[in-house]
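Owing to the predicted nature of the structure, the values given are computational and were not obtained by experimental measurement. When a residue number appears, it is its place in the shown sequence, counting from 1. Quick note: numbers below take in every heavy atom, side chains included, and nothing from hydrogens, waters or symmetry partners.
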Amino acid sequence: MQGSMHAPGDERGNGPGSESGNASGHGPGQRRDEHPRPDAASSDAERGAFLAIVRAKRLAVRQAGEGLHRRDNALTLLSVIASAVATVLTAAPALGGPELTRALGSAGPDTPSWRILCGVASICSLLAAVAANLHRQQEVTARLARCQTGAARLETLELQVTFQRAPLADATAEYGRIIAELPPLPEP
């Protein structure tokens, strides 16, 4: 029995008179129905510093997402509007016939009005093609979706850490996974 028996309140802190714990494994002042903090080893300062990092990254991701949303809208609108204007400009003389071309200037094949319509229609077609290709090449929609997903996951992580539902080590690992899946973000 040497070494296997410890006196009540000994240095291990699990005797009935101990201040640091009791036989049920609950801490001092902790009721049996309460769960111990999942991250009791991390200090409030560490948790606070981690939360500040998560909040700052979530803000950066949200701002990047807003920028991508504006770019997505602008490129899509430019493509649609430029295509529509090009269509109207090229269809107008075909539908309007000689009356429209006379109203624009003269009816001859070398008239400036015909050339101007074709030139503006060509520019609009070019703008539509460039906008559509930029949108596709820059993967705006996919990057926007990754930002929105990342922001939501960071918010969830922030709530889990705030309400101490995730150990700090697990939260840090999850933060790394979230960051790895984000698109490149602009530097502040």
Side-chain angles (χ1 to χ4, degrees), residues 37-96 100-101 104 112-188:
R37 287 178 48 189
D39 198 17
S42 26
S43 72
D44 289 339
E46 289 171 329
R47 186 174 292 282
F50 181 71
L51 282 171
I53 291 168
V54 170
R55 287 178 182 132
K57 184 57 79 175
R58 189 166 63 103
L59 178 64
V61 169
R62 189 183 57 145
Q63 288 173 341
E66 289 170 356
L68 286 168
H69 184 70
R70 285 190 300 273
R71 180 177 292 167
D72 181 54
N73 285 345
L75 289 173
T76 300
L77 255 133
L78 178 60
S79 179
V80 169
I81 291 171
S83 294
V85 170
T87 301
V88 168
L89 290 174
T90 55
L95 295 174
L100 178 67
T101 53
L104 292 174
S113 63
W114 181 255
R115 288 182 182 165
I116 290 170
L117 283 177
C118 287
V120 173
S122 295
I123 290 170
C124 288
S125 292
L126 176 67
L127 284 174
V130 168
N133 283 317
L134 280 175
H135 191 270
R136 196 172 316 121
Q137 178 192 23
Q138 294 176 358
E139 299 177 336
V140 176
T141 304
R143 289 172 47 211
L144 175 59
R146 287 170 46 199
C147 276
Q148 290 170 336
T149 300
R153 288 179 65 198
L154 285 169
E155 183 176 8
T156 301
L157 180 64
E158 180 182 344
L159 290 172
Q160 288 175 340
V161 172
T162 299
F163 295 111
Q164 300 177 358
R165 298 288 183 216
L168 201 51
D170 293 348
T172 304
E174 177 63 13
Y175 177 79
R177 287 188 291 273
I178 293 169
I179 297 305
E181 294 173 9
L182 290 174
L185 300 175
E187 292 297 319

Does some side-chain heavy atom of Lys57 sit less than 4.5 Å from a side-chain heavy atom of Leu185?
-> yes

Is atom CZ of Arg71 surrounded by more than 12 heavy atoms (other residues, nucleotides or ligands) closer than 6.0 Å?
-> no

Any chance you could lay out the side-chain hydrogen bond (donor to acceptor under 3.5 Å, both in side chains) test for Arg136 and Asn133, step after step, and finish with the verdict?
-> CA-CA 5 Å; Arg136 196 172 316 121; Asn133 283 317; 2.8 Å; yes

Using a 4.5 Å cut-off on heavy atoms from C-beta on, say whether the side chain of Thr141 contacts that of His135.
-> yes

Side chains of Arg146 and Leu182: closer than 4.5 Å at any heavy-atom pair?
-> no

Heavy-atom check, side chain of His69 versus side chain of Asn73, under 4.5 Å | yes

Heavy-atom pair of closest approach, residues Ala166 and Arg47 | O-NH1, 4.0 Å

Side chains of Arg153 and Glu181: does their closest heavy-atom pair fall under 4.5 Å?
-> yes

In short, Asp72 meets Leu144 closest at the heavy-atom pair OD2-CD2, 4.4 Å

Nearest heavy-atom approach of Leu157 to Val54 is CD2-CG2, 4.3 Å

Begin from the C-alpha positions of Glu174 and Val161 and carry the test side chain to side chain contact (heavy atoms under 4.5 Å, CB included) through to its verdict.
-> CA-CA 11 Å; Glu174 177 63 13; Val161 172; over 6 Å; no

For residues Ile178 and Gly150, report the shortest heavy-atom separation together with the two atoms involved.
-> CG2-O, 4.0 Å

Quick check: are there more than 12 heavy atoms from other residues, nucleotides or ligands sitting under 6.0 Å from CD of Gln137?
-> no

Interatomic distance, Leu127 atom CG to Leu78 atom CG [nearest 0.5 angstrom] | 5.5 Å

So how far is it from Arg165 CZ to Asp170 CG, rounded to the nearest 0.5 Å?
-> 14.5 Å

Give a yes or no on whether the backbone of Leu75 and the side-chain of Ser79 come within a donor-acceptor separation of less than 3.5 Å.
-> no

Closest approach of Ser83 to Ala128 (non-hydrogen atoms, all atoms of both residues) = OG-CB, 3.2 Å

Determine the minimum heavy-atom distance between Ser125 and Ala86, stating which atoms define it.
-> OG-CB, 3.4 Å

Heavy-atom side-chain proximity of Val61 to Leu154 below 4.5 angstrom | yes

For the atom pair CG (Leu159) and CD (Gln164), what is the distance rounded to the nearest 0.5 Å?
-> 13.0 Å

Interatomic distance, Leu68 atom CG to Arg143 atom CZ [nearest 0.5 angstrom] = 5.0 Å

